[in-house]
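First the proteins, then the strands, lettered A, B, ... as listed; each starts at 1. Worth saying up front: this structure is predicted, and the values here are computed from it rather than measured.
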2 protein chains.
Amino acid sequence: MAVGIKDLAREAGLSVATVSKALNEYADVSEETRQRVREIARLLNYQPNVTARGLQSRRTNMVGLVIPTMEPHLSDDPYFLDLLAGIADEAAEHEFALLLTRCAPGPKERTCYQKIVRGRRVDGLIVVRTRSQDQRVAYLLEEGFPFVTFGRTDQGLDFPFVDVDGTQGVYDATRYLIGLGHRRIGFIAAPEGLMFGFHRQEGFRKAMEEAGLAMEPGLLARGDLTLQSGDVAMGQLLDRDPPPTAVVACNDLMALGAMRAARKRGLWVGRDLAVVGFDDTHVAAHSRPSLTTVSQPIYDIGILLCRMLLQTLQGKPLEVRQILLRPALVIRESSGGTIS
Amino acid sequence: MAVGIKDLAREAGLSVATVSKALNEYADVSEETRQRVREIARLLNYQPNVTARGLQSRRTNMVGLVIPTMEPHLSDDPYFLDLLAGIADEAAEHEFALLLTRCAPGPKERTCYQKIVRGRRVDGLIVVRTRSQDQRVAYLLEEGFPFVTFGRTDQGLDFPFVDVDGTQGVYDATRYLIGLGHRRIGFIAAPEGLMFGFHRQEGFRKAMEEAGLAMEPGLLARGDLTLQSGDVAMGQLLDRDPPPTAVVACNDLMALGAMRAARKRGLWVGRDLAVVGFDDTHVAAHSRPSLTTVSQPIYDIGILLCRMLLQTLQGKPLEVRQILLRPALVIRESSGGTIS
DNA sequence: CCTTGACCCGAAAACGATTTCGGAGTATAA
DNA sequence: TTATACTCCGAAATCGTTTTCGGGTCAAGG
């Protein structure tokens, strides 16, 4: 059933070597045989065995991505899909494929990466959702394995990355709220260790400090990025006396949860209370009230990440190894809270 | 840098053959050497080269999935991500990885599949979003390549699949609307050729027919599954005179678009007008008003699909080759439309 | 006529593992 | 003592390509 290069050789009355060279644009094969071989290959629908070719060339033509979420359901992070789309599209553009795995952060993670790296399962990796002390980055650097990350880390290592300036984003959002007159602003943080959560929180701190506003510990809650946790966190914030008049959440999902919690208490978000999120996922635009949030071009980031990785795989050094994108504040209904 | 089986052999003073057998639980190697080899492998952090192993075993330990959407951004189909998660999780469970590609339906599609199949890039494929005359299914069957689909087709071919009974789902939803007193019910259909769209529309037709209600052509609009197209389609429906009092959309996204269109015309969905969707994506639960929709266990479907595929790859015949799941109507606010 | 070079082609060695098969060594039975 | 069986181990083939390197043919040049 499967037709190999030997079949072509037999059919053409040539050696496999010549056939191989004919198909791969070698110079030392006559134009005539090249055409003949091509024709036969077309007729027999020949496609070279990727594995064999990979063994010989020591390349897999695949980039890998390990999704590091805890929960089985991924839709909690809707932006992952757009990121994947960007990566897959750019990869396809260069005849690469995307190898997808999932592995929760933890002790098994190292093994997972070892299998991929030492087993040469892919040519390069894209690491997402970086952590402050990221063992994955350290490991890949130590192995000298090609990779690019989405996000920076906090361990003083040098490696190529693309990141969104979360500090700037949340800073802008918070200043906007302050500009509206808000003074008691709550913050729903991400789990500790997540680099993007840290940066975003920094933006909040900075904006508040600049405005001479105290950051009450009581106005800082922490969630785990899920909608439910945003609901719970918002409940804690609203229990304060006096409660905040505005709340910044570390991501859209928690912002949505926060809105739900407010609603349950009879508060009208966008009037009694302002809420802003981060990510500008599709839900943000179509929730009621629509969510004011900070937008990052996630699909394009996927493209960018993949492009950078592929370029290093080709041996070409990157002109720009580290990219920090400035996100944009998107103002919608949820931030129209009254100045209390 | 890379440590191969030869390195282990040299280190252990054994032949590569013995080392290989020691690591692979062969009987003809003494317990003592087995232990020693294992220890050395552990120390050197040996991981067998996946490509070489694959060439020998003629298996890649990968399942493939080609995403067949037209648009670059995938979030239009939020459920894809959960499906991927299910597949990836189940694959990981069996030491498999998921190879992801994207290829829009069209003439290039066949080439894309040929490369994968004849190039033996993966051991088996998962085909999603089946079409009535699906060339992909026909091709895979013709090649005798292992695959499972999410969705049936309309070409009288026999192959393993998992599907959700869209007819039943929309039937239930429509009957529910009829039960509320609605008589003029619109339908926003999916692009032609998509099998799930056909089934869902059938459910609508059946319910209407049973209730003795006419299916006016003017109350049938067609979208392309995006939110925008739902908006447009709803516009057309509301231009009818008299307009429908309820609308069933083929998926949640178009339902959301429909709600937006209604809102733009000053209609209050859930009071002036009923809208129901299909999929029960996360947006559905958190839109305002929340969306009444038909729910399918998409993550579990991913698990199921992958499990079926892996089982056939192991040579075990499937006890159940074709699975039709019954979806559940989830009643929320958007269907609370007045009986006109 | 011999040499040189250009032009094609094929034998064979990789790539890194697995798997077959035979052989050496030792213990047991005749 | 010899035959037999059993335990381990290693040489070599294999998977399907690519790539190196040498050789054969033929025309042109000396």
Reading 5' to 3' and counting Watson-Crick or G-U wobble pairs with both distances under 3.5 Å, write the dot-bracket notation for DNA chain D, | for bases paired outside the strand.
||||||||||||||||||||||||||||||

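- Residue A:Tyr26 contributes atom OH, which lies 8 Å from atom P of D:dT18 at whole-angstrom precision.
- Between B:Ala27 and B:Ala52, the residue whose closest nucleotide on DNA chain D is further toward the 5' end is B:Ala27.
- When each of B:Arg34 and A:Tyr46 is assigned the nucleotide of DNA chain D with its nearest heavy atom, B:Arg34 is the one assigned upstream, toward the 5' end.
- Between A:Arg58 atom CZ and C:dA17 atom C1' there is a gap of 14 Å when expressed in whole angstrom units.
- Residue A:Glu25 qualifies as enclosed at atom CD: its count of foreign heavy atoms under 6.0 Å is above 12.
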Step by step, work out the side chain to side chain contact (heavy atoms under 4.5 Å, CB included) result for B:Phe150 and B:Ile298.
CA-CA 10 Å; B:Phe150 178 24; B:Ile298 192 70; 3.7 Å; yes

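- Following rounding to the nearest Å, A:Arg59 (CZ) and C:dG16 (P) show an atom-to-atom distance of 15 Å.
- Heavy-atom minimum distance, A:Ile126 versus A:Leu309: CG1-CD2, 3.7 Å.
- The heavy-atom pair separating B:Arg36 from B:Ala12 by the smallest distance is NH1-O, 3.0 Å.
- Taking atom CG of residue B:Asn24 and atom P of nucleotide D:dG10, one finds them 16 Å apart after rounding to whole Å.
- Residues of residues 2-21 of chain A that place a heavy atom closer than 4.0 Å to DNA chain D, in numerical order, are A:Gly4, A:Ile5, A:Ala17, A:Ser20, A:Lys21.
- C:dG16 atom P lies 16 Å from atom CD of B:Gln47, rounded to whole Å.
- The backbone N or O of B:Ala104 sits nowhere less than 3.5 Å from a side-chain atom of B:Glu109 that would complete a donor-acceptor pair.
- In this structure, B:Asp28 places its CG atom 18 Å from P of C:dT26, rounding to the nearest Å.
- Among the nucleotides C:dC8, C:dA17, D:dC9, the one closest to the side chain of B:Gln56 is C:dA17.
- Distances shown here put a side-chain N or O of B:Thr33 below 4.0 Å from the OP1 or OP2 atom of D:dC9.
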Run the salt bridge (Lys or Arg N to Asp or Glu O under 4.0 Å) check on B:Glu143 and B:Arg118 step by step: do they pass?
CA-CA 9 Å; B:Glu143 289 277 10; B:Arg118 316 225 30 151; 2.9 Å; yes

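- When the side-chain nitrogen and oxygen atoms of A:Ser57 are compared with OP1 and OP2 of C:dC15, none of them lie within a distance under 4.0 Å.
- For B:Arg53, a side-chain nitrogen or oxygen approaches OP1 or OP2 of C:dT18 to under 4.0 Å.
- Whole-Å rounding puts the B:Asn61 CG to C:dA17 P distance at 15 Å.
- Side-chain contact check for B:Phe161 versus B:Thr153: every heavy-atom pair is 4.5 Å or farther apart.
- Atom CD of B:Glu25 and atom C1' of C:dT19 are 16 Å apart (whole Å).
- Here the closest non-hydrogen pair linking A:Gln155 and A:Val137 is NE2-CB, 3.8 Å.
- The closest donor-acceptor contact from the side chain of B:Asp123 to the backbone of B:Thr60 lies under 3.5 Å.
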